[in-house]
Amino acid sequence: MKCLYFLTPALKSAHTISDDLHAVGVDDWYIHVISKDEAGLKKHRIHSSNYIETMDIVRSGLTGAFAGFAVGMLGAVVLASLQPFGPNVPVVAYAGVVVLATFFGAWEGGLVGVSTENKKLKPFHDDIEAGKYLFLIYARKGMGEVIKAMMSEKHPESEHVATDRHFVNPFGDLRRKDHSAHPTSG
């Protein structure tokens, strides 16, 4: 599944794009719009984005879990070497140290992610702040070209700005299209 990113300038355009996507067989589940105008999206019954798409919860949580795992392993090795509780401590206690540290790291990373914009949205931050609407359209196999053709034909005001293998992959690279509004450094 691919995630196609389209920017459109106005709510009216977003509404007609949503209707046209439905007409070519794309369900609401596969259409997510990111905008400052959440009330407008709701009023026009346009499916808005979710926290996983707008915040960096998954990426930060996984990074925190990896860091917690490393600290937990180091802590378990130090405890096993120094044996502050004696030589008869069961292995499960050391595994518990690793598990607790991993969960704590994931929790802390998630807290950081709640306050951080998703890294895949950073190239479009200024556009969203300026009032544009960013469509994330999840295209099943074979639908990507149909969606692009429909958008090109019916919505010249919108711009195909990027394609991603799948948006939820927090460490994947975003393949942005070359155009003047968005330099290709991301």
Side-chain angles (χ1 to χ4, degrees), residues 1-9 11 13-15 17-22 24-70 99-144 146-148 151 158-177 182 184-186:
M1 182 173 290
K2 290 183 181 177
C3 184
L4 306 174
Y5 294 63
F6 284 89
L7 268 174
T8 194
L11 181 59
S13 176
H15 181 75
I17 288 171
S18 182
D19 289 343
D20 289 339
L21 286 168
H22 293 139
V24 296
V26 181
D27 295 331
D28 268 343
W29 181 258
Y30 299 105
I31 303 168
H32 295 221
V33 181
I34 299 169
S35 168
K36 285 178 45 175
D37 183 15
E38 286 292 323
L41 293 176
K42 188 172 184 165
K43 180 179 177 183
H44 288 273
R45 293 185 176 93
I46 299 171
H47 198 229
S48 64
S49 60
N50 58 43
Y51 291 120
I52 291 174
E53 293 166 328
T54 57
M55 297 176 185
D56 217 14
I57 297 169
V58 175
R59 185 172 157 277
S60 295
L62 288 172
T63 302
F66 292 139
F69 178 79
V99 168
L100 286 174
T102 302
F103 285 153
F104 182 76
W107 178 62
E108 282 294 319
L111 290 176
V112 169
V114 166
S115 64
T116 308
E117 179 180 50
N118 192 308
K119 80 166 189 134
K120 291 185 178 187
L121 297 181
K122 287 187 184 197
F124 313 110
H125 176 84
D126 292 340
D127 291 315
I128 294 167
E129 287 296 314
K132 291 186 179 180
Y133 298 81
L134 179 65
F135 273 80
L136 305 178
I137 306 166
Y138 296 94
R140 296 182 311 264
K141 190 171 187 174
M143 284 297 293
V146 171
I147 293 167
K148 288 179 194 176
M151 292 294 284
S158 67
E159 181 181 8
H160 180 215
V161 292
T163 301
D164 195 2
R165 284 186 47 211
H166 196 286
F167 189 86
V168 177
N169 179 359
F171 299 104
D173 288 330
L174 182 65
R175 289 176 290 174
R176 294 174 43 208
K177 294 181 59 84
H182 304 286
T184 58
S185 64

> Aromatic rings W107 and F104: how do their planes relate, parallel, tilted or perpendicular, breaks at 30° and 60°?
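Geometry flag for F104 against W107: tilted rings.
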> Checking the side chain of S60 only, and the main-chain atoms of I57 only, is there a donor and an acceptor separated by less than 3.5 Å?
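No, because the side chain of S60 does not come within donor-acceptor range (under 3.5 Å) of the backbone of I57.
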> With side chains defined as the heavy atoms from C-beta onward, is the minimum distance between E53 and N50 less than 4.5 Å?
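Yes, at least one pair of side-chain atoms sits under 4.5 Å.
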> To the nearest 0.5 Å, tell me how far M151 CE sits from D20 CG.
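Reported to 0.5 Å precision, the distance equals 8.5 Å.
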> For T63 and R59, indicate whether the former's side chain and the latter's backbone hold a donor-acceptor pair under 3.5 Å.
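Answer holds: yes.
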> Looking only at non-hydrogen atoms, find the nearest pair between T116 and V112 and report the distance.
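Result for this residue pair: OG1-O, 2.8 Å.
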> Kindly compute the distance separating CD1 (I34) from CG (N118), expressed to the nearest 0.5 Å.
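Going from CD1 on I34 over to CG on N118, the span is 7.5 Å.
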> I'd like to know if the side chain of H22 and the backbone of S18 have a donor-acceptor N/O pair within less than 3.5 Å.
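Yes, because the side chain of H22 sits within donor-acceptor range (under 3.5 Å) of the backbone of S18.
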> Enter the distance from T102:OG1 to F66:CZ here, rounded to the nearest 0.5 Å.
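It comes to 10.0 Å.
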> With rounding to the nearest 0.5 Å, note down the distance linking CD1 in I147 to OH in Y138.
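If we round to the nearest 0.5 Å, I147:CD1 and Y138:OH are 12.5 Å apart.
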> How close do L4 and K148 get, heavy atom to heavy atom, and via which atoms?
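Closest pair (atom of L4, atom of K148, distance): CD2-CE, 3.9 Å.
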> Give a yes or no on whether the backbone of A162 and the side-chain of H160 come within a donor-acceptor separation of less than 3.5 Å.
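Indeed, once roles are kept as given, a pair shorter than 3.5 Å links the two residues.
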> Considering only distance and modelled atom types, tabulate donor-acceptor pairs under 3.5 Å from the side chains of residues 37-45, sequence neighbours left out.
unit_1, atom_1, unit_2, atom_2, d
D37, OD1, G40, N, 2.8
D37, OD2, Y133, OH, 3.2
E38, OE1, S48, OG, 3.4

> From the options K2, K120, K119, select the one residue that forms a salt bridge (charged side-chain N to carboxylate O under 4.0 Å, His left out) with D164.
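That would be K120.
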> Under a 3.5 Å distance rule, please check whether E108 uses its side chain to pair with a backbone N or O of G105 as donor and acceptor.
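Not confirmed, E108 side chain does not pair with G105 backbone.
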> Report the distance from atom CG of D56 to atom OH of Y51, rounding to the nearest 0.5 Å.
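Separation between the atoms: 15.5 Å.
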> What's the separation between atom CD1 in I128 and atom OG in S49, rounded to the nearest 0.5 Å?
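The distance works out to 8.0 Å.
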> Do Y30 and H47 make the cut of ring centroids closer than 6.0 angstrom?
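No, the ring centres sit 6.0 Å or more apart.
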> Quick one: are D127 and L134 in side-chain contact, heavy atoms under 4.5 Å?
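Contact flag for D127/L134 side chains = no.
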> Is there a side-chain contact between I46 and I17 (heavy atoms, below 4.5 Å)?
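No. Closest side-chain heavy atoms not under 4.5 Å.
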